[in-house]
Protein chains: 2
Amino acid sequence: MELTRRLTDAAEKLFDRYGYTATGMDRLTKAADMSSRTLYKHAGSKAQLMAMVLSERDKRFLCRTDVKSVEALFDALKDWTATEGARGCLFLRALGETGGDTPEITAAVEAHKAAFAARIGDIVAMDIGRDDPLLTEQIIVLFEGAAHAAIYRGNGAVDAARVAAAALVKAART
Amino acid sequence: MELTRRLTDAAEKLFDRYGYTATGMDRLTKAADMSSRTLYKHAGSKAQLMAMVLSERDKRFLCRTDVKSVEALFDALKDWTATEGARGCLFLRALGETGGDTPEITAAVEAHKAAFAARIGDIVAMDIGRDDPLLTEQIIVLFEGAAHAAIYRGNGAVDAARVAAAALVKAART
DNA sequence: GTAAATGTAAAACGATCACTTTACATGTAG
DNA sequence: CTACATGTAAAGTGATCGTTTTACATTTAC
């Protein structure tokens, strides 16, 4: 549906820019250019709308990080922040704003983070030719850290993360 | 003032647990056991209250990370999450919830992150005997990443970060 | 031709928001 | 004795919250 896509696209921008709780439904209806009746017919509730937004974002993230090396992963992160800005992980922010008390949101965050961790594990395995749980955890930490440190440190944080990741990968390969 | 401390302590817990925007003033007055009149006399506004909370938290953070080595830094992080839980950086969460549009909060976050980066720089310098901007940036990223990945990966994220940090420090020392 | 589906605009819902005010109690300093 | 500072409880401020409803227009399908 074109309407649903228009809604989730507008909602993602507003939630990301102003926060989930601080974004009111009237602002959402205006941005998506639809009546509140239609919004509720398509989304059900504000929490479900956020869950839809997170699900779309998860898909987009997995597309953008469909890469074969750890270095390419951090290039992808740099692309992301360049095109969409660096405001931290929208999933963790939504979880924090709702205290984990909103089931739809909590479920969407858990699904994304599981997929994210699996994706990193795959990239690490492709890069060094075998599974490596510790290196995977370290790359997860470096990626998450770069995404959040970039908020106040800028691109330098992503660069530092990539260099660190490359050193760890090199050490793991030998 | 004992009252002010009682207020900021209660507010920090509520903001951390439920989020800044989702925490109402009546919940705050009840938790601090004071009238709203007294709350406003001491805090001025909700945004100023959050700024006070962040300022207190900044002090506590700097006390807890008054260490001399990078390894001790990650031990301190593990202590922190063990005693206070892992819900991500309250400063970045407050910034995200307000979209950077609340001056008192934005200022408190910037002050803390500047102090944090300086602290990491000091620890790195003490550990390897000289300044190292790249290593400092990498430790910032690892610390920030461990704090956020710990939300969904648990203590393993902090352990992985410490091991990675130790390897980077060792490489920088030789 | 008519009924269902899908949309709009706009009013109304009760609840809650951050914040202020009124009215009153208490201790304390000049 | 008085005056002020500091606190409480509770009602009231207008605005905004997420959500539902009413009333009506348009398109699609049998």
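Predicted model only: the values in this text are computed from it and were never measured. The basis for the numbers below is simple: all heavy atoms, side chains too, and nothing from hydrogens, waters or symmetry mates. Each chain gets a letter, A, B and so on, in the order the sequences are listed, and its residues count up from 1.
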> Using distance only, find each side-chain donor-acceptor pair of residues 84-100 of chain A under 3.5 Å and give its atom names and separation, not counting sequence neighbours.
unit_1	atom_1	unit_2	atom_2	d
Glu84(A)	OE1	Arg60(A)	NH1	3.1
Glu84(A)	OE2	Arg60(A)	NH1	2.3
Glu84(A)	OE2	Arg64(A)	NH2	3.0
Arg87(A)	NE	Asp16(A)	OD2	3.1
Arg87(A)	NH2	Asp16(A)	OD2	2.8
Arg87(A)	NH2	Glu84(A)	O	2.9
Arg93(A)	NH1	Asp16(A)	OD1	2.9
Arg93(A)	NH1	Arg87(A)	O	3.2
Arg93(A)	NH2	Asp16(A)	O	2.8
Glu97(A)	OE1	Thr21(A)	N	2.9
Glu97(A)	OE1	Thr21(A)	OG1	2.8
Glu97(A)	OE2	Tyr20(A)	N	2.9
Thr98(A)	OG1	Ala94(A)	O	2.8
Thr98(A)	OG1	Leu95(A)	O	3.3

> Nearest whole angstrom, please: distance from the C1' of dG18(D) to the CZ of Phe15(A).
11 Å

> Taking only residues two or more places apart in sequence or in another chain, which ones pass salt bridge (Lys or Arg N to Asp or Glu O under 4.0 Å) with Arg153(A)?
Glu137(B)

> Examine distances only and state if a side-chain atom of His148(A) and a backbone atom of Glu144(A) form a donor-acceptor pair shorter than 3.5 Å.
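Flag set: sc His148(A) to bb Glu144(A) pair under 3.5 Å.
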
> Kindly state which residues belonging to residues 90-103 of chain B come within less than 4.0 angstrom of DNA chain C, counting heavy atoms of the residue only, listed by number.
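Residues of residues 90-103 of chain B under 4.0 Å from DNA chain C: none.
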
> Let me check the geometry of the helix from dG14(C)-dC17(D) to dG30(C)-dC1(D). What is the bend angle between the axes at its two ends, five pairs each, to 10°?
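Rounded to the nearest 10 degrees, the bend comes out at 20°.
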
> Return the set of residues passing side chain to side chain donor-acceptor pair (under 3.5 Å) with Arg162(A) (not counting sequence neighbours), or none when no residue passes.
Asp75(A), Asp159(A)

> Using whole Å, report how far CE of Met34(A) lies from P of dA10(C).
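One finds 17 Å between P of dA10(C) and CE of Met34(A), rounded.
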
> Short question: side chain of Arg173(A), backbone of Ile128(A) - any donor-acceptor pair under 3.5 Å?
no

> Would you name the heavy atoms of Ala147(B) and Leu77(B) that are closest together and state the gap between them?
N-CD2, 4.1 Å

> Does the side chain of Phe74(A) reach to within under 4.5 Å of the side chain of Ile139(A), using non-hydrogen atoms?
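Yes, side chains in contact.
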
> Evaluate side-chain contact (heavy atoms from CB on, under 4.5 Å) for Leu28(B) paired with Phe15(B), printing each intermediate quantity in order.
CA-CA 9 Å; Leu28(B) 286 163; Phe15(B) 287 150; 3.9 Å; yes

> Between Leu39(B) (CG) and dA9(D) (P), how many Å, whole number?
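So the two atoms are 13 Å apart, to the nearest Å.
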
> Hey, is the main chain of Ala51(B) close enough, under 3.5 Å, to the side chain of Ser55(B) for a donor-acceptor pair?
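No, the answer is negative, given that no donor and acceptor are paired below the 3.5 Å cut-off.
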
> In terms of ring plane angle, is the pair Trp80(A) and Phe61(A) parallel, tilted or perpendicular, where the classes change at 30° and 60°?
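Because their plane-to-plane angle is over 60°, the rings of Trp80(A) and Phe61(A) count as perpendicular.
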
> What is the separation between atom OH on Tyr18(A) and atom P on dT16(D), rounded to the nearest whole Å?
15 Å

> To the nearest Å, how far apart are Lys30(B) NZ and dT8(D) P?
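Distance, rounded to whole Å: 15 Å.
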
> Can you check the Lys41(A) NZ to dT20(D) C1' distance for me, whole Å?
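Nearest whole value for this atom pair: 12 Å.
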
> Summarise protein proximity over nucleotides 15-25 of chain C in one line of letters, 5' to 3': B for base, S for sugar-phosphate only, - for none, counting protein heavy atoms closer than 4.0 Å.
--SSBBBBB--

> Taking only side-chain nitrogens and oxygens of His42(B), does any of them come within less than 4.0 Å of OP1 or OP2 of dT6(D)?
no

> Hydrophobic cluster membership, with links at side-chain heavy-atom distances under 4.5 Å among I/L/V/M/F/W/Y: are Ile120(A) and Leu134(A) in one?
no

> Rounding to an integer number of Å, can you tell me how far Leu7(B) CG sits from dT6(D) P?
16 Å

